[in-house]
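Input: a single structure, listed below in structure tokens.
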Amino acid sequence: MHLPRPRSLAGQLFAMQAVLVAAIVAGCAVFAYLTDRDQADETARRQVTSAARAVADSPSVRDAVRTPDPTGPLQPYAERVRRDTGVDFITIMSPRGIRWTHPDPLQIGRPFLGSTAAALRGHTFTETYTGTLGPSIRVVTPIRDGSRITGLVSVGITVDRISSQVTHQVKILILSAAGALALGALGTYVINARLRRHTHGMNATELSRMHDYHQAALHAVREGLLMLDGARRIALINDGGRELLGLDESAVGRPVAELGLPTPLTGALLASEPRVDEVHLSDERIVVVNTRPVVGGERHGTVVTLRDHTELQALSGELDSERGFTQALRSQAHEAANRLHTVVSLIELGRVEQAVEFATAELELAQALTDQVVGSVGEPVLAALLLGKAAQANERGVELVLADDSRIDDGVLPATLPARDLVTILGNLIDNAVDAAQGGDSPAGARVTVTALVDDGELRLAVRDTGAGVDPESVEEVFRRGWSTNGPGRGLGLALVRQAVHRAHGTVVLAPGPDGGAEFTVRLPLLTSGALRVTS
């Protein structure tokens with residue numbers, strides 16, 4: 001046996017609104033009925049009072065009262081006035097209460113039924129009294145001839161007539177109330193039908209549970225998630241999205257263009273067309289962006305997902321370096337085999353002295369750089385990087401030189417300066433310099449000079465080459481993703497350098513080098529933190 005499904009939220013609201021509209025309409029109807037009844041009674045009193053005073057003040061009535069037979073002139077006059085004013089009876093009587101006029105001629109000459117004492121004292125008064133025509137609202141006023149009261153006038157409207165008028169008004173009111181109720185119900189139904197579409201027929205409990213699941217899922221997802229409204233404001237962002245973009249809680253409700261994100265990333269978020277797996281750089285991370293518009297008759301916004309590509313890119317760079325090292329070692333092994341064959345051949349030819357001289361020269365050349373690097377750079381990661389890059393540069397016909405003033409003792413670099421960031425910074429700068437020196441035409445030959453030293457509480461890494469240098473107009477663009485002089489598909493290395501320097505709160509400076517090429521100088525604080533500056 002299945003329990004009935006709870007009424008949807010739209011259904012509950014419809015029932016509540018229908019009851020509320022019905023209660024309001026019923027209350028208004030009762031109030032209007034009571035008000036109309038009071039107004040009808042008050043209108044009847046004013047109507048009969050005005051008619052009675054008009055008759056009593058009529059000169060023809062005062063003249064007729066003085067005649068021996070007042071009924072003759074007064075009866076037709078009273079009936080004419082009664083028809084014209086819409087009252088039910090006009091009775092003109094003597095001071096003793098004997099009727100001179102009446103709608104029913106048989107009642108003429110008979111005593112008036114009702115109170116006349118106040119009128120005989122000169123006052124006009126109203127009362128509700130049951131007479132020959134039934135209950136009525138009547139007024140009695142005196143007819144004066146100077147200071148003497150010569151007669152009385154009573155004018156009345158029956159209660160049945162007043163009730164019939166009120167009943168007619170109530171019928172109209174009921175029809176109006178029914179129309180208002182029907183219109184209110186129709187409007188409520190239309191509104192709730194729209195609400196039912198938006199809530200997919202779910203009840204309040206289901207909506208509350210869905211909201212709880214939504215919040216839990218939103219913050220459990222490690223990838224970044226943004227939802228932009230039609231005005232390109234952030235309607236929703238999860239913890240992963242704030243972390244990847246470097247935003248705080250105040251980002252919700254702000255336009256994307258005002259968040260201070262890099263221009264290419266902002267353009268991707270504001271694009272009207274979908275974006276698929278686009279790689280962009282924020283200040284500290286590499287993110288993969290996917291966007292998809294939310295449409296439904298009109299544009300409602302955009303859903304954006306962000307994936308952190310920083311570590312993957314770093315691992316990819318390390319893998320490329322390892323591949324380069326492997327290729328360099330393979331080439332060196334091949335070259336060493338050739339040199340070994342040369343030495344063996346010289347010995348076989350009896351040229352022992354030449355064989356020793358050839359082997360010693362090769363060993364001294366290879367050992368010189370190794371001794372210099374090991375003696376000057378005590379940081380093992382940087383030392384290994386420099387030796388590996390030297391082998392790679394040598395294979396490409398570029399001489400890698402370590403400046404004489406280089407000095408980094410082991411244990412000087414703090415744990416807050418990750419070795420991976422050092423590899424990213426120095427490795428990409430050397431690769432960039434080797435590319436530039438290889439394509440240069442310097443008389444001194446293709447050479448890259450590296451300076452690595454700790455001085456005055458900061459780590460200074462400088463890399464200069466003998467290449468063609470950088471166009472002064474492009475100085476501000478070299479760190480932008482995609483900038484490269486080597487064709488499409490390149491231009492990520494220097495962007496990664498700037499990002500790593502930013503994470504370390506350092507500075508990177510590009511200037512013309514003394515050898516004619518470019519010189520990049522990176523300064524990373526070892527004790528204090530500063531802000532990133534990219535200067536020329």
Side-chain angles (χ1 to χ4, degrees), residues 28-62 64-65 70-71 73-144 149-177:
C28 292
V30 172
F31 175 77
Y33 171 77
L34 296 177
T35 302
D36 288 348
R37 183 61 184 264
D38 292 341
Q39 289 179 347
D41 289 346
E42 182 63 26
T43 300
R45 286 185 174 87
R46 289 198 300 266
Q47 184 179 359
V48 296
T49 299
S50 299
R53 286 177 175 173
V55 171
D57 292 340
S58 174
S60 60
V61 172
R62 287 199 296 267
V65 168
T71 299
L74 291 178
Q75 175 66 11
Y77 171 79
E79 287 300 299
R80 185 171 65 253
V81 174
R82 181 181 66 82
R83 288 191 298 269
D84 293 342
T85 57
V87 298
D88 288 317
F89 67 86
I90 297 178
T91 298
I92 304 174
M93 69 194 86
S94 67
R96 292 184 297 117
I98 302 301
R99 300 186 184 99
W100 287 332
T101 66
H102 196 278
D104 183 5
L106 297 178
Q107 301 297 327
I108 296 175
R110 295 182 179 182
F112 175 73
L113 300 179
S115 176
T116 60
L120 292 174
R121 292 194 296 271
H123 301 294
T124 299
F125 70 95
T126 59
E127 65 177 351
T128 301
Y129 191 85
T130 302
T132 57
L133 300 179
S136 63
I137 295 177
R138 61 177 63 181
V139 63
V140 181
T141 187
I143 301 173
R144 297 177 181 274
I149 296 176
T150 57
L152 304 173
V153 177
S154 177
V155 179
I157 295 178
T158 61
V159 173
D160 290 341
R161 183 172 180 181
I162 296 175
S163 298
S164 65
Q165 293 176 352
V166 173
T167 300
H168 178 69
Q169 293 177 350
V170 168
K171 290 180 179 178
I172 297 176
L173 177 63
I174 290 175
L175 291 176
S176 300

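A heavy-atom distance below 4.5 Å is not found between the side chains of T150 and R62. Using a 4.5 Å heavy-atom cutoff, the side chains of I143 and I92 are in contact. Using a 4.5 Å heavy-atom cutoff, the side chains of R83 and I90 are not in contact.
Closest of all the heavy-atom pairs between A52 and T141 is O-CG2, 3.6 Å. Heavy atoms only, all atoms of each residue included: L152 and P95 are closest at CD1-O, 4.4 Å. Listed here is the closest heavy atom pair of Q75 and H102: NE2-O, 2.9 Å. Of all heavy-atom pairs between R82 and D88, the closest is CD-O, 3.3 Å. Nearest heavy atoms, A64 versus P73: CB-CG, 3.6 Å.
How far OG1 of T158 is from CZ of R138: 11.0 Å, rounded to the nearest 0.5 Å. Residue S154 holds its OG atom at 9.5 Å from CZ of R99, rounded to the nearest 0.5 Å. Atom-to-atom distance recorded for L74:CG and T91:OG1 is 11.5 Å, nearest 0.5 angstrom. To the nearest 0.5 Å, atom CZ of residue R144 and atom CD1 of residue I149 are 5.0 Å apart.
The only option from V48, T124, V153 that meets the side chain to side chain contact (heavy atoms under 4.5 Å, CB included) definition with R53 turns out to be T124.
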